[in-house]
Amino acid sequence: GRHNSEERNVVTGDNALTDADQNDGWRLLFDGSTLDGWATTGKPEGWAVDDGTIVCTSNGGGYLYTEEQLENYCLSIDFKIEPGCNSGIFFMWSDLTDPVNTGLEIQILDTYGPDRTDTHDCGAVYELVPPKKQTMRRAGEWNEVVLTFKGDDISLDMNGENIVEMDISLYTEPHKNLDGSRTKFTKAWAGLPRRGHIGLQDHGGKLWFKNIKLRSV
């Protein structure tokens, strides 16, 4: 039978925007079939598009990153990992030669389980802020991440639950976390540019990304 246009546009496939998404200002960063708008720090064959997903083949791909630099946005991205995979979603990454010290990282790691709430477990802002709870699904299942990053304020949801809140302005010293513990970072986050690339990391193991969309906030 016939559907009215409103019904037809509520549900879309992967890597597509609904009318509501478009009205809210969302745009796709991944078109579903090419890596247009993305570049890599490593071997091009380390990243591929397969069946509507960006796949990290763990073949020396380094980082895949947005050619444009962005600030004050909400980013929505889905990921799926193979068992044992280690990766990350980088943001605020201003110096392409130094992702670790100029880009904050949302840790992606195979740490399924309620007790995995350390600063190196999945969903943490790597080495800085642990997830309030572990909400990642088992390896092989899709996870939805929503990062809201405006000015100094970071809010991170995974699979529909808020897991991180962070104020970058509090991180005023290199090598130092808020509790005084030492970190590996050589720069003070508070003093770094907020505008930067969004990056996906090849750090061992295979994983997939899809439904990468962004809107200004």
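Throughout, residue positions are numbered sequentially from 1 according to the sequence presented.
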| request: Show your reasoning for whether side-chain hydrogen bond (donor to acceptor under 3.5 Å, both in side chains) applies to Arg137 and Asn159. | output: CA-CA 8 Å; Arg137 301 181 178 127; Asn159 296 326; 3.1 Å; yes
| Hey, mind stepping through Asp115 and Gln134 against side-chain contact (heavy atoms from CB on, under 4.5 Å) and telling me if it holds? | CA-CA 7 Å; Asp115 58 336; Gln134 185 56 255; over 6 Å; no
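- For Glu68 and Arg27, the salt-bridge test passes: some basic side-chain N is under 4.0 Å from an acidic carboxylate O.
- Shown are Thr172, Leu104, Leu170; of these, the side-chain contact (heavy atoms from CB on, under 4.5 Å) with Trp189 is made only by Leu104.
- Under the 4.0 Å criterion applied to side-chain N and carboxylate O atoms, Glu141 and Lys80 are not assigned as salt-bridge partners.
- Checked by atom type and distance alone, the side chain of Asp202 pairs as donor or acceptor with a backbone atom of Gly61 at under 3.5 Å.
- With contacts defined as side-chain heavy-atom distances shorter than 4.5 Å, the pair Leu17/Leu28 qualifies.
- Using a distance-only test at 3.5 Å, with no hydrogens or angles considered, a donor-acceptor pair links the side chain of Trp93 to the main chain of Asp95.
- Using a 4.0 Å cut-off between a side-chain N of Lys or Arg and a carboxylate O of Asp or Glu, Lys210 and Asp14 qualify as a salt bridge.
- Thr41 contributes a side-chain N or O that, together with a main-chain N or O of Tyr63, makes up a donor-acceptor pair within less than 3.5 Å.
- Residues Asn162 and Ser155 bring a donor and an acceptor atom of their side chains to less than 3.5 Å of each other.
- No side-chain donor from either of Tyr126 and Gln107 sits under 3.5 Å from a side-chain acceptor of the other.
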| query | Under the side-chain contact (heavy atoms from CB on, under 4.5 Å) criterion, do Thr148 and Ile154 qualify, and how do the steps go? | reply | CA-CA 6 Å; Thr148 305; Ile154 291 165; over 6 Å; no
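- Remark: the Asp50 side chain and the Thr53 side chain contain no N/O donor-acceptor pair separated by less than 3.5 Å.
- Under the 4.0 Å criterion applied to side-chain N and carboxylate O atoms, Asp24 and Arg215 are not assigned as salt-bridge partners.
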| request: Evaluate the side-chain contact (heavy atoms from CB on, under 4.5 Å) criterion for residues Asp157 and Val145: first the C-alpha distance (whole Å), next the side-chain angles of each, then the deciding distance (0.1 Å), finally the verdict. | output: CA-CA 6 Å; Asp157 292 13; Val145 172; over 6 Å; no
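- Within a 6.0 Å radius of CG in Asn23, other residues, nucleotides and ligands contribute more than 12 heavy atoms.
- Counting only heavy atoms from C-beta outward, the side chains of Trp47 and Leu35 approach each other to under 4.5 Å.
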| message | Apply side-chain contact (heavy atoms from CB on, under 4.5 Å) to residues Glu45 and Thr57 and explain how you reach the verdict. | response | CA-CA 8 Å; Glu45 60 267 27; Thr57 64; 5.9 Å; no
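- Here the CD-CD distance, from Glu161 to Glu144, works out to 11.5 Å after rounding to the nearest 0.5 Å.
- Atom-to-atom distance recorded for Arg195:CZ and Gln69:CD is 6.0 Å, nearest 0.5 angstrom.
- Side-chain contact between Thr117 and Thr111 is absent, with no heavy-atom pair separated by less than 4.5 Å.
- Screening Ile198, Leu200, Asn211 for a side-chain contact (heavy atoms from CB on, under 4.5 Å) with Ile77, the sole residue that qualifies is Leu200.
- Two different hydrophobic clusters hold Trp26 and Leu147 under the rule that ILVMFWY side chains link at heavy-atom gaps under 4.5 Å.
- Of all non-hydrogen atoms in Cys74 and Val146, the two that sit nearest each other are SG-CG1, 3.6 Å.
- In this structure, the side chains of Asp110 and Cys85 stay at 4.5 Å or more apart for every pair of heavy atoms.
- Val125 and Leu178 fall within a single hydrophobic cluster, where Ile, Leu, Val, Met, Phe, Trp and Tyr are joined by side-chain heavy atoms under 4.5 Å apart, directly or via other members.
- Around the NZ atom of Lys150, the shell of radius 6.0 Å holds no more than 12 heavy atoms that belong to other residues, nucleotides or ligands.
- Below 30°, between 30° and 60°, or above 60°: for Phe209 and Phe79 the angle between ring planes is between 30° and 60°, a tilted geometry.
- Asn101 and Thr186 form a side-chain donor-acceptor contact under 3.5 Å, judged by distance and modelled atom types alone.
- A continuous path of ILVMFWY side-chain contacts below 4.5 Å connects Val100 to Val129, so both sit in one hydrophobic cluster.
- For Phe91 and Phe149, the ring centers sit closer than 6.0 Å to each other.
- Rounding to the nearest 0.5 Å places CG of Leu156 at 4.5 Å from CD1 of Ile163.
- Looking at His120 and Glu127, their side chains do bring a donor and an acceptor atom within 3.5 Å of each other.
- Separation of atoms CG (Asp31) and CD1 (Ile54) is listed at 8.5 Å; rounding is to 0.5 Å.
- Note on Trp142: it does not cluster hydrophobically with Phe30, by side-chain heavy-atom contacts below 4.5 Å among ILVMFWY residues.
- Counting only heavy atoms from C-beta outward, the side chains of Pro174 and Phe185 never approach each other to under 4.5 Å.
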